[in-house]
Amino acid sequence: MPGTVQSIERAAAVLRLLAAAPDGLGVADLGNALGLAKTTVHGILRTLHQVGFVEQDHSGAHYHLSDAFGRLGESYLDPNELRSRAINWADSLASRSGEVVRVGRLVEGKVEVVHHVFRPDDSDQDLDVGTTLPPHATALGKAVLAYDTSARPRSLEAYTTRTITDPVQLGEELATVRSRGWATEFEEHTVELASIAAPIRGLGGLVVGAVGLAGRIERICDSRLRHRGDLVTMVRATADAIARDLRDDT
Amino acid sequence: MAEQYVAAVDQGTNSSRCILFDRRGRLVSVAQREHRQLFPRPGWVEHDAEEIWRNVARVVPAAIRQIGAAPSQVVAIGITNQRETSLLWDRRTGQPIGHAVVWQDTRTDRLVTELAGDEGADRFADLCGLPLTTYFSAPRIKWMLDHTPGLRQRAERGEVLFGTMETWLIWNFTGGPNGQARHVTDVTNASRTMLMNIETLDWDDKLLEAFDVPRAILPEIRPSSGVFATATEVLPGVRIGAALGDQQAALFGQTCFSAGEAKCTYGTGSFLLLHTGQEIVRSKHGMLTTVAYQIGDQPASYALEGSMAVTGSLVQWFRDGLGMIHTAAEIETLARTVEDNGGAYIVPAFSGLFAPHWRSEARGVIAGLTGYITKGHLARAVLEATGFQTLEVVDAMNADSGIALTALKVDGGMTANNLLMQFIADLLDVRVVRPMVTETVSLGAAYAAGLAVGYWPDLEGLRSNWHRAGQWMPHMDPARRATEYANWQAAVQRTFNWIRPEDQDL
Ligand SMILES: Nc1ncnc2c1ncn2[C@@H]1O[C@H](COP(=O)(O)OP(=O)(O)OP(=O)(O)O)[C@@H](O)[C@H]1O
Ligand SMILES: [Mg+2]
């Protein structure tokens, strides 16, 4: 049987003490209370700060529980923050691939478009940030749905004859997404279009959204109608770059 | 052969970044470090120049490491920087003499009023294209020389060097106090000092005399794009191919290479620049005349500039000063909790008002405050302040150029804010267009450096890299636009004459 994780026990103790101290506590207070070295406490606090469970007061001397700690069920990453972090990398993906790029996240069973980069051909296109897409019929959707632990969408609406409408088949598809780490779609939402997406993992591996590209079949797929490997690599590298940005500092 | 890149070093007000670009002008990696903002007294803003150099020396290798490249894959360094921020240092030891005094600093407000005297703030505008305000370097240099005992004598003996940030960085990239270092600036940065003659592009004796600045401390002025030196530190052997002020770099990065092309960069402050070709246009409506760039030995290009001092920094104040949000981007979420500004307007005259008013004595107001106003309304008012300031500048620019802007090219960190971009499109009643690279400041520095070393052949090639990444179309009711603008203008009036002459002798 695996043992328990000491640093989590200590973090839990820090959280209990902070929860009981409305005015907040300093590193020394916590160290004394728990019999831990200052550097240990400091590391725990920094991590808790990074994941958004504790906050520092203006002077930086005192820590207290963040109000987000009481609302853990809600999304922890602001969608506008996700866009700010993704923008450089999404642009780069669009200009490398020559395709439309979107960043999305799951909201109440739908994929909300958080960021949209035009196909770089200077043709007329409209921003669709804020609109929603069906998760079972898009690569962007599958890439977030595969890691979602709440209930699967029950009624799977058909958009084309290729849309996956059978929950069992969707379950298998999502298992494939998990094992490969990326998602695809082929004419499942719109005829003649295909898409590729990868999940964006925040701290602790939590999937906070996905980034993907979409375009005409002949550009997204090879002659055997398989999604092009070079595009898959680009999409995954983009998701990793955004994730690195998110983890670096929050 | 291994892929080659150009490294842009963007030494900004809040952070220093290194960004690598490939031959198609695509961003490949970014490393960034913030430095401390020092506020020793109200109105004073300083930076520690050694901290900045340390940060630059760290972010450059970090950006290269990020993609597993070798330093030899970098063909050139392009430097771009916060403008007007001024530093003096000891030529022999390389030690800064005090902190760098930042462009937002207002300690020279009394000095500036004295210098303006009866002739008014525009007394040097013919020579340098700029009004006398606390914004530019020359009053700041005079202040530093006057307020440090013995410094003026040392400066006259040639023991002291002056530089804006690009000068400090190039001096350090080329060895610093080892005796071989290059003490150079470029025409765009020099055009912000008030010491350079805008026509001859050389230091002007009349201006040096007026500000009491010894010529011995000044760097050599060079074209913006052209090899400045070969680095001996950080990236030994790599050529420094360009230096430009950040706003001029953004104009270049947006490929506004022809007269009539304009862009607005939304960062800490926001700056709208209109390329005027090789013609020096004098504004009658509060725009600055500035050098846009100079490529090698070609004639310089000029620009009209509308500078807004406080835009992104108002969002930062809302976050850090008021603690209303945790991250800058969250302001959009908060602003969307309400339908409109509820009648509230924030005029962020933190260091006076810049373009088109140029009122050093103005200070900020929140107007239209009632019990109805929530933090959501204030969040809207914060964002809208950037929109209204843009409209004022665009109006003034249109009046100067005689041609109405038909679309606005934008870039910078605030362009990630869709609510703001839509508001700007609505207010200006024109399309707002974002290019594929929002880090256009860095892209411009990379372009200028890459041109200098032959990585890119010409401007036309660069133009073809520009693509539209996003666009916001106007659809605000004209009557509403007129009312909102009138309200804003009424709020602006209320910021004037806040600092009275007798308050100024601190
Ligand atoms: N989503 C957003 N909404 C509103 N403001 C934002 C958003 N993201 C960033 N900002 C603001 O934009 C500014 C950062 O943008 P950017 O990095 O382009 O600035 P900058 O002027 O280049 O920085 P520096 O001063 O270091 O040069 C900050 O002032 C921040 O408050
Ligand atoms: Mg900047």
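What's counted below: heavy atoms across the whole structure, side chains too, no hydrogens, waters or symmetry copies. Numbers restart at 1 for each chain; the letters A, B, ... are given by sequence-line order, proteins then strands.
Proximity to chain A is limited to the side chain of B:D22, based on heavy atoms less than 4.5 angstrom apart. Interface remark: B:V28 contributes backbone and side-chain atoms alike to the contact with chain A (heavy atom separation under 4.5 Å). For chain B, the nearby part of A:H115 is the side chain; its heavy atoms alone come within less than 4.5 Å. Contacts between A:V129 and chain B at a heavy-atom distance below 4.5 Å involve the side chain alone, from C-beta outward. Contacts between A:D124 and chain B at a heavy-atom distance below 4.5 Å involve backbone atoms as well as side-chain atoms.
When each of B:N417, B:T333, B:I331, B:L419 is paired with A:N80, the side-chain contact (heavy atoms from CB on, under 4.5 Å) condition holds for B:T333 and for no other.
Interface summary for chain A: among B:M473, B:Q32, B:Q66, the most heavy-atom pairs under 4.5 angstrom belong to B:Q66. When B:A328, B:P435, B:A329 are compared by the number of non-hydrogen pairs under 4.5 Å with chain A, B:A329 comes out ahead. Highest contact tally toward chain B, considering only A:S123, A:G52, A:A237, is held by A:S123 [criterion: heavy-atom pairs under 4.5 Å].
Atom CG of A:D122 and atom CZ of B:R468 lie 5.5 Å apart (nearest 0.5 Å). Within the model, atoms CG of A:L82 and OG1 of B:T327 stand 11.0 Å from one another, a figure rounded to the nearest 0.5 Å. Going from atom CG of A:N88 over to atom CZ of B:R26 covers 15.0 Å, rounded to the nearest 0.5 Å.
Using a 4.5 Å heavy-atom cutoff, the side chains of A:R119 and B:H467 are not in contact. Contact of the A:V117 side chain with the B:R434 side chain is registered, since non-hydrogen atoms from C-beta on lie closer than 4.5 Å. Counting heavy atoms from C-beta outward, B:Q471 and A:D126 have side chains that stay 4.5 Å or more apart. Contact check for A:W89 versus B:V30: side-chain heavy atoms found under the 4.5 Å cut-off.
Of all the heavy atoms in A:I87 and B:T438, the pair that sits closest is CD1-CG2, 3.9 Å. A pairwise comparison of heavy atoms in B:M436 and A:F118 identifies CE-O, 3.2 Å as the closest pair. Residues B:L27 and A:S92 share a closest heavy-atom pair of O-OG, 2.7 Å.
Annotation: B:R463, atom CZ; neighbour count of heavy atoms from other residues, nucleotides and ligands within 6.0 Å is above 12. For B:R336, the CZ atom counts as densely surrounded, since its 6.0 Å shell holds more than 12 non-hydrogen atoms of other residues, nucleotides or ligands. Within 6.0 Å of CZ on A:R46 lie no more than 12 heavy atoms contributed by other residues, nucleotides or ligands.
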Checking A:R96 against B:R24 for the side-chain contact (heavy atoms from CB on, under 4.5 Å) test, could you report, in this order, the C-alpha distance in whole Å, the side-chain angles of both residues, the deciding distance, and whether it holds? CA-CA 9 Å; A:R96 248 162 239 284; B:R24 301 280 297 275; over 6 Å; no
Output, in order, the C-alpha distance, side-chain angles, deciding distance and verdict of side-chain contact (heavy atoms from CB on, under 4.5 Å) for B:N418 and A:R83. CA-CA 10 Å; B:N418 280 297; A:R83 182 186 321 108; 3.0 Å; yes
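Side-chain N/O atoms of B:H326 and A:E81 include no donor and acceptor closer than 3.5 Å.
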